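Residue numbers start from 1 in every chain, and the chains themselves are labelled A, B, ... in the order their sequence lines are given, proteins ahead of strands. None of these values were measured; they are calculated from a predicted model.
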There are 2 protein chains.
Amino acid sequence: MTTQTTHCSKPSARTRILKLAETAIIQKGFAGTSIDELVAGAGITKSGFFYHFRDKSELAIALLERHFEQDDEILDSVFARARELTDDPLQMYLTGLKLLAEVVADLRENHPGCLVASICYQDQLFNREVRELNQRGTLTWRTRFGGYLREVAAKHPPKIDVDLDELADMISTLVEGGIVLVKVLKEPKLLSRQILLYRSFVRAVFAGV
Amino acid sequence: MTTQTTHCSKPSARTRILKLAETAIIQKGFAGTSIDELVAGAGITKSGFFYHFRDKSELAIALLERHFEQDDEILDSVFARARELTDDPLQMYLTGLKLLAEVVADLRENHPGCLVASICYQDQLFNREVRELNQRGTLTWRTRFGGYLREVAAKHPPKIDVDLDELADMISTLVEGGIVLVKVLKEPKLLSRQILLYRSFVRAVFAGV
DNA sequence: CTCGCTACTGTACCGATGGTGTAGTGATGA
DNA sequence: TCATCACTACACCATCGGTACAGTAGCGAG
């Protein structure tokens, strides 16, 4: 065992814990995932866990950071691709949404973003840090989608009177809620269908059909 | 102490636990609410708790049942009132949504429905029973809103091609996600604004504006 | 070759929490 | 009078998050 970090195949214990924790939490929730279980799975001791993380909240923070980074990368690549395919801001946004719907359909069980709600609902157990991180991540979505929508509105004056920030928040709301409903109803396609419905709404707002 | 159930002012211990549990869980989550805390608040002993509930899951079940009943009553009254105010199915649905937006704005912190996600995200901790109850409750929403939408579509052929069940699910999705975002962003108005946005979409679908 | 650092191990312990079991009790209704 | 309901009282258990602290294998810098 011991340190095989530098030149060996095995990823560091910290990374192993993070990976294990992510899949476990998505399946069983944060409270349902014990530290003992993670250290056993990672082949380390409890002391080893607390060497890397001061407490369980710090694990949540690390997980959320990782998750938001991955989220951002996915959205970046999706909308970068959409921008390649068309020049018009509306078409690019609509294309991006279609690509996004395909991406989340692929993710199926393994939704990141589960983490946000999973951790949000523990609430009081967590410190300010976790809540603020969660908040920042969500506001990033508002900024991103709000930005796209302002580009769209500049070229295509809205036919329906809507607040662009609220329309941006709608996608976050649908994604968070969609993840809940996918779990509750066991209908994996629900989330991507809701994104496509949102897409219809956006088109109606700016193209009038 | 002892039994004051039959003729006294104090509600039964079971009811007191249920009430305490509801507010505590909404604030702190299910895992963050201890049985000891509830029995202390209700002025009974731990044995008393386990006399009424086999385990903590059974408390969750009782809470969810209560919650779904209340939900149903609220929606019944909201859409009954809307039906009083207009004859046209579209106008009645739009009015109902506006009333609903006002109701959830009033509820503020005290969102029922929090429970659904709060319990859903504990997941594995719970048995099949809890999950099925959760599922049934959500399908009730689909049936209700799907029903309204079919009435609407019968009189007002949709201008935009959408699946009515998906449009019905959209309100559930927005409510569940909205509750998450209200908590994360600490923006209590977000949920009712999302409901009003949904309302704009519905109007665009059926009235074309 | 030693020194200090990183990344752990091992052991022992703590309080809170969920849960079990069993015996007993006061009030109510048939 | 007797059973049932709605509990109490007390003892006990495993799990879990967390603390404390001493020790150690491997690595790079000097």
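- At the phosphate of D/dA6, neither OP1 nor OP2 sits under 4.0 Å from any side-chain N or O atom of B/H52.
- A tilted orientation is assigned to the rings of B/F49 and B/F53, their planes being inclined by 30° to 60°.
- Between A/E37 and B/R14, the residue anchored closer to the 5' end of DNA chain D is B/R14, taking for each the nucleotide with the nearest heavy atom.
- In this structure, of D/dC5, C/dT17, D/dT8, it is C/dT17 that holds the atom nearest to the side chain of B/D36.
- Going from atom CZ of A/F53 over to atom P of D/dC16 covers 18 Å, rounded to whole Å.
- A/Y51 has no side-chain polar atom (N or O) that falls below the 4.0 Å cut-off from OP1 or OP2 of C/dC8.
- Donor-acceptor pairing under 3.5 Å is lacking for the side chains of B/T140 and B/T143.
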Output side-chain donor-acceptor pairs under 3.5 Å for residues 75-83 of chain B, partner residues at least two apart or in another chain, one line each.
from	atom 1	to	atom 2	distance (Å)
B/D76	OD1	B/R144	NH1	3.2
B/D76	OD1	B/R144	NH2	2.8
B/S77	OG	B/I74	O	3.0
B/R81	NH1	B/E84	OE1	2.8
B/R83	NH1	B/E151	OE1	3.1
B/R83	NH2	B/E151	OE2	3.4

Base, backbone or nothing for each nucleotide of nucleotides 19-25 of chain C, written B, S, -, heavy atoms under 4.0 angstrom, 5' to 3'? BBB----
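- Closest non-hydrogen pair, A/I61 versus A/L133, comes out as O-CD2, 3.6 Å.
- Computed from coordinates, the A/I44 CD1 to C/dT9 P distance equals 6 Å when rounded to whole Å.
- Taking atom CZ on A/F30 and atom C1' on D/dC16, their separation rounds to 13 Å, with Å as the unit.
- Using a cutoff of 4.0 Å between basic side-chain nitrogens and carboxylate oxygens, B/R66 and B/E22 are scored as salt-bridged.
- As a whole-Å value, the separation of A/R16 CZ from C/dA7 C1' is 11 Å.
- With sequence neighbours excluded, the residues that form a salt bridge (charged side-chain N to carboxylate O under 4.0 Å, His left out) with B/E37 are B/K28.
- C/dC8 atom C1' lies 17 Å from atom CG of A/L38, rounded to whole Å.
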